[in-house]
Amino acid sequence: MPIRFDSDKNVFYLHTPKTSYIIAVLENKYPINLYYGKRIEGLPDDIENIIPTRRDGGGSAQDMEGTNLSTDLLPMEYPTYGSSDLRTPAFHARYSDGTSVTALLYSEYRIMKGKKLLVELPCTYIEDNAEAESLEIYLRDALKGLEVVLCYTVYEKYDALIKSVRVHNDGNENIRIESVLSSTIHLYGSEYQAIHLAGAWAREQNLLITDFIGGKFSVDSKRGASSHNHSPFLALAEKGTNENYGEVYAMSFVYSGNFIAEADEDCYNTIRMQMGINPFNFEWVLEPGQSFQAPEVVNVFSQDGFGGMSRTFHDLYRSRLVRGKYRDTVRPILINSWEAIGCNFDENKILSIAKKAKILGIEMVVLDDGWFGHRDAPTSSLGDWYPNKKKLPDGIKGLSKKIVQMGLKFGLWVEPEMISEDSELYRKHPDWCIHIKGRRRNLARNQLVLDLSRPDVCDYIINFMTEILSDRNVSYIKWDMNRYMSDIGSASLPPEKQREIPHRYMLGLYKVLENLISNFPDVLFEGCASGGGRFDAGMLYYFPQYWTSDCTDAVERMSIQYGTSYVMPIAAIGAHISAVPNKVTRRSCSLETRGNVAICGQLGFELDPNVLNDYDVKMIKQIIEKYKQMRETIHNGDLYRLKSPFYDGMSACNIVSKDKENVIFFLGTFTSKPFSGKIRIKLKGLDKNASYSDKEGKVYSGEFLENYGFLFENVIDYTSYIILLKKQNNGG
Ligand code: GLA
């Protein structure tokens, strides 16, 4: 039983295989985070001794409802501001009398088998009720008629704690919600480091580890998307934590819009760590009888360092967040037209790429930007989703049919959430974009954002996408989104609901995506937002893979893919081999290194195969052949990061299939000094009692590989190695 209620102590235990989360309800009124960490079965008889109730003299801690307790000192399970607790709240609202104090008291609980899906939002799921248990804790503010339901799920198999929050207005007056975060935990002491993933366009998900020195540490997005700048992820780890050892508390948000993740330390060294929708510029008017569902946060506690944390995220996300046919099947190796030809092509050009791609062993041709309206550069036509007949005389239907007849799959790029000023759609519906009447409509990448808070705009997207996808030869969609929201306003919402737009937009987007993926279950969707500008757990619910970055330079990619793997399974990481010098960095890496980096993700190509020389053709065929041998392991295997591009001047990892039969070892180096010595890298996660052989027939014991490892000498700049190992049948 993963969830248990001890009625004597008024304590809830939520167990995963290796962790425990314990909530105590003090005075039968105040739920607190009593414990989160390594699994423990029980508590001392007298739990009073482990509850922080210390009060200083003076007026520093106010009592709560005449009790001896002050919520200002307690690790509140779902903190509100102003009625004793004066720290950063999870929930904050304004009431019709103009006041902003909420006082939530415990009322009841429910423990259920399984897990409910969240209404209108992406979420982790179950396939069988026996997989998980859920707890709902009901809190009420009787004066304001407010009910808050804290929802928790623990799985039998994964070391993750899923939290979300539902708010209901039971009263007679509107409640204006100003903050409704989804997860709060409390840690003690000051020996923590904050770990987050930050970046920019073409430099996504760089790993940053900084000492948490008290005060407040936060990462957020106000951009209308989770953004390139910060991933919706935050971890606090005890100092000295590495890939294999150390305690880590991590939060990942299953949401793709504005978010906040923060750690806030009070004067008694209690750190309140929280995550949820960014309260900045957020407001939601909850009318009597209405409910609001806040998205879910996946909390992971790992005792096995960052590696343990990532493997939990990977296992949960790839099996109980990603959905559809491509969850369990390896995905086609694709060639994408963007870097090779941009918007400048005709049907013959695409067919010539397809012909060569087929010879190389590529399985799908993806036509990127430029096929619709009169789009000859990324300056016009977004919204006009009909084929450009000058480039494609037989339309998409004609082209896709020809490509499928060649024995390849066909995929298409779209950017449905956007509109160009120079488009038929804009001329017809100038009000359909996000804008403020009377203000300049500021462009980014020459485009405006469609107002997906409007149901008519969502229907328009569903309709044209349905039209495109009813061509059964289209078996893949690259769903792009190339600018953030600015000048936020909606022509269809009243003044008091304007601050709801960014969240309403996300609900609209999720509704559209849900409609399309359920009506076209065989289509593979890949997400994209100028590369990884919205690569978050919310998107994984709809898109099993994501275009990780517009930077395809292999050396930069080592960092980007390493950081991304902190949360995302590597099978979700779109990684393409492109031509050199690289378009973003101007760097030239060998084809071997470009290949070795790309095959550690979801392999694709981003080049014109017609201009390859004989060596390149031979090499690419080998890369594809190798990838086909390893892609099952990429899809399902356990990732062990061995060397960090951020700290070690090189990137190394090994991936081990669940049955430990197959191992992929990768090493990629950066700049090196001549004759600077040997590099020895120990592998992880193997069967120590087995023997493994490489492609040349060299045999190593698992024990040797884990303790001695591989030795590399005189490694030069940007060299890389992939070593495939297979377990020998005869054991150790
Ligand atoms: C974005 C994407 C690219 C490509 C272009 C097309 O930048 O990230 O991969 O699709 O748009 O305009």
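Indexing begins at 1, ligand by ligand and atom by atom, following the structure's order. From a predicted model like this one, the values you see are computed outputs, not experimental measurements. In this chain, residues are counted from 1 in sequence order.
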Which atoms from ligand 1 have a heavy atom of [X] less than 4.0 Å away?
X	result
Cys528	2 (C), 8 (O)
Trp547	8 (O), 9 (O)
Lys478	3 (C), 4 (C), 9 (O), 10 (O)
Asp369	6 (C), 12 (O)

Original post:
When you look at NZ of Lys401, are more than 12 heavy atoms from neighbouring residues, nucleotides or ligands closer to it than 6.0 Å?
Top reply: no
Subject >> Lys511 atom NZ, over 12 foreign heavy atoms within 6.0 Å >> reply: yes
Subject >> ring pair (Phe, Tyr, Trp, His ring centres under 6.0 Å), paired with Phe535, selected from Tyr546, Phe233, Phe543 >> reply: Tyr546
Got an N/O contact under 3.5 Å between [X] and ligand 1?
X	answer
Asp368	yes
Arg445	yes
Gly531	yes

Original post:
Can you find a heavy atom in the side chain of Leu367 that is under 4.5 Å from one in the side chain of Trp413?
Top reply: no
Subject >> Side chains of His635 and Arg331 in contact at under 4.5 Å (non-hydrogen atoms) >> reply: yes
Original post:
Charged N to carboxylate O below 4.0 Å: is that the case for Asp346 and Lys391?
Top reply: no
**OP:** May I ask you to say whether Asp369 pairs ionically with Arg375, meaning some side-chain N is under 4.0 Å from a carboxylate O?
**Re:** yes
Original post:
Among all protein non-hydrogen atoms, which one is nearest to atom 3 (C) of ligand 1, and what is the separation to 0.1 Å?
Top reply: Asp550 OD1, 3.4 Å
Original post:
Nearest protein heavy-atom contact for atom 2 (C) of ligand 1: which residue, which atom, what distance?
Top reply: Asp480 OD2, 3.1 Å
